[in-house]
Amino acid sequence: MAMLTFPSDFFWGASTAAYQIEGALDADGRGPCIWDRFTAAGRIQDGSSAAIACDHYHRWAEDIALIRQARFNAYRFSIAWPRIVPAGTGAVNERGLDFYDRLVDGLLAAGIRPLACLYHWDLPQPLEDRGGWQNRAIVAPFADYASIMTRRLGDRVKDWMMLNEPNVVAINGYGTGDHAPGLTLGETGILRALHHQNLAQGAALRAIAAEHAGMRLGTVLNLQPSRPESDRPEDVAAAARWDAVWNRVALDGVLHGRIPSLLAAAMAPMVEPGDEAAIRFPIDLLGINYYSRMTMKHEPGRPFAVGWGDARCDRWTAMAWPVQPDGLYDLLMSLRANEGNPAVFIAENGAAYDDRVDADGAIHDAERVAFLKDHIIAVGRALTQGCNIKGYLCWSLLDNFEWAFGLSKRFGIVRVDYESLIRTPKDSYRFLSEVAAANCVLSA
Ligand code: IFM
C-alpha cells in the first residue's frame with residue numbers, strides 16, 4: 001500500500017452542466033435552445049426531457065450545501081446561453097443573469113471556487129436557425145455573450161472555461177445526428193462545426209482578456225487516446241485520422257493555432273487567412289474530460305472511414321464504455337512530454353452505472369467508487385512524474401439528463417429521485433469527500 005498525496009493547492013470537486021440539471025426551461029425569460037427542439041422532436045431514447053431534470057434552478061442552495069458537505073473546494077457549472085441572450089443576439093435577460101449571481105454568491109459564501117463554463121451544448125435556437133455552428137457568423141454572438149458574462153460575474157468568478165467538448169458538439173450534433181441539432185452533414189459538417197467553435201473560442205478569449213486582468217482563462221476538451229484495433233495499416237491510419245478529428249483539431253487549434261496536417265485538405269475550404277492566429281490563445285488552464293480510450297478501425301462508409309473497434313476490456317460502465325484508468329495516465333504524460341506540460345485539471349471523470357437503491361435507501365455504488373479511485377490514482381501517479389495537474393472534478397455531482405439517453409443513465413455521486421427530487425448521497429460521494437478532505441488516496 002502506498003499513499004499518494006496531492007499538492008496543497010490541489011482542488012477537488014464536481015462538474016455539472018446547465019441543461020442537464022437546471023430544469024425551469026420556461027422560467028424568467030429563458031429562450032429556446034436546440035435541445036428543447038431536439039427533445040420535442042422525440043429524439044430522447046427514454047422519452048424523458050430536461051423540463052425539470054434536477055430542478056437545480058430552484059434547488060441550487062441545497063446543491064451548494066451538498067458540495068460544501070462533501071468538503072469540495074471547487075465546482076464547475078455551465079451558464080445557459082439562452083437564459084442570458086434568449087434570441088442568441090440582442091437583448092440581455094437580467095433575470096437570467098440574476099440566477100447566476102445567486103449561484104456564484106452562494107458558492108463563494110460556502111468557500112467553493114466557482115469555475116464557469118460558457119458553452120455546454122445549449123445553443124439558443126435562433127442561432128441554430130441561422131446555421132448554428134455551421135455558420136461562421138456565430139463567432140461574434142459568442143464573443144459578445146462571453147463579455148456579458150465576465151462583466152457581470154468577473155468580480156467574483158476568476159476561472160472561465162469557454163467550451164465543453166467541441167468535438168462532441170461537432171460529431172454528434174452535425175455528423176451522426178444523435179445530439180441536437182440532429183444534423184447528418186458528414187465530414188465537412190463536422191469539421192466546419194469544429195473550426196467555427198475554435199474561432200468563437202478565440203474571439204471570446206480575446207474579448208475577455210481585453211477587459212479583465214487576473215483571470216484564469218481556458219477551455220474544456222475531452223481528450224481520449226485513440227488506438228488502432230489491430231496492426232493492419234488501414235486500422236493504424238483510421239486511428240490516426242480519428243485522433244486528428246477527436247483530439248487534435250481542438251487541442252492543436254488553441255495551443256498552437258494549427259490545423260492537423262491529416263485534415264489540412266479537408267479543412268482548406270473553411271479556413272480563411274488569419275484563422276490560425278485567431279484560434280490560438282495562451283490559455284492558463286486546460287480542462288480535460290476523460291472517460292476511456294478509443295479503439296478504432298477502418299470502416300468504409302463512415303465519416304472519416306473510421307468505426308469503433310473491439311476494446312478488449314473486462315470492465316465496462318453502463319454506457320458500454322471500457323474502464324481504462326491507465327489511458328488517463330498516458331494522456332497526462334503525453335501532454336507533459338509533447339505539449340510543454342500545460343496547467344491542466346480534470347474537468348470531468350466518472351461513470352454511469354445501474355445503481356440499486358437498498359431497502360434502507362442507501363446506494364452502495366461500489367463500481368463507481370472503484371472507477372473514481374482508479375482514475376484518481378492515475379492522476380496521482382502522473383503528478384509524481386511531474387505532470388502539471390491542478391485539480392480533479394468528477395462527473396457528476398448529481399444524476400442528471402444524459403442528453404439523448406435522457407434520465408436513464410446515472411452519473412451522479414448523489415442520486416436524484418426524479419419524482420420527489422430528493423437527493424441521496426451515494427457511497428461514491430462519501431469516498432470522494434474523504435479523498436478531498438485528506439488530499440490523498442491510498443493506492444494498492
Ligand atoms: O454528460 C456528459 C457531459 O455533458 C459531457 N461529457 C460527458 C458526460 C457523460 O456522457
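Hydrogens, waters and symmetry mates play no part in the numbers below; they use all other heavy atoms, side chains included. Order of listing sets the numbers, starting from 1, for every ligand and every atom in it.
- Where the criterion is an N or O separation shorter than 3.5 Å, residue side chain and backbone included, Glu402 meets it with respect to ligand 1.
- Per-residue contacts place Asn164 under 4.0 angstrom from the following atoms of ligand 1 (heavy atoms of the residue considered): 5 (C).
- Ring planes of His56 and Phe99: perpendicular class, angle over 60° (limits at 30 and 60°).
- Residue contacts with ligand 1 include His120, since one or more of its heavy atoms lies under 4.0 Å from the ligand.
- Using cut-offs of 30° and 60° for the angle between ring planes, the Tyr19 and Trp35 rings count as tilted.
- Each of the following atoms of ligand 1 lies closer than 4.0 Å to a heavy atom of Phe411: 9 (C), 10 (O).
- Among the atoms of Asn289, none of the N or O lies under 3.5 angstrom from an N or O of ligand 1.
- For atom 7 (C) of ligand 1, the candidate residues are Lys409, Gln20, Glu348, His179; the nearest heavy-atom contact is made by Glu348.
- Remark: Arg241 does not engage Asp243 in a salt bridge, criterion side-chain N to carboxylate O under 4.0 Å.
- Annotation for ligand 1: atoms under 4.0 Å from non-hydrogen atoms of Trp403 are 1 (O), 2 (C), 3 (C), 4 (O).
- Between Trp321 and ligand 1 there is a heavy-atom distance shorter than 4.0 Å.
- Using the six-membered ring where Trp is involved, Trp12 and Tyr392 have ring planes that are tilted, between 30° and 60° apart.
- Heavy-atom separations between Asn222 and ligand 1 are all 4.0 Å or longer.
- Tyr57 and Ala27 get closest at one heavy-atom pair: CE2-CB, 3.9 Å.
- Tested against Ser15, the residues Arg76, His120, Glu348 include a single side-chain hydrogen bond (donor to acceptor under 3.5 Å, both in side chains) partner, Arg76.
- Not one N or O on the side chain of Arg43 forms a donor-acceptor pair closer than 3.5 Å with the backbone of Phe38.
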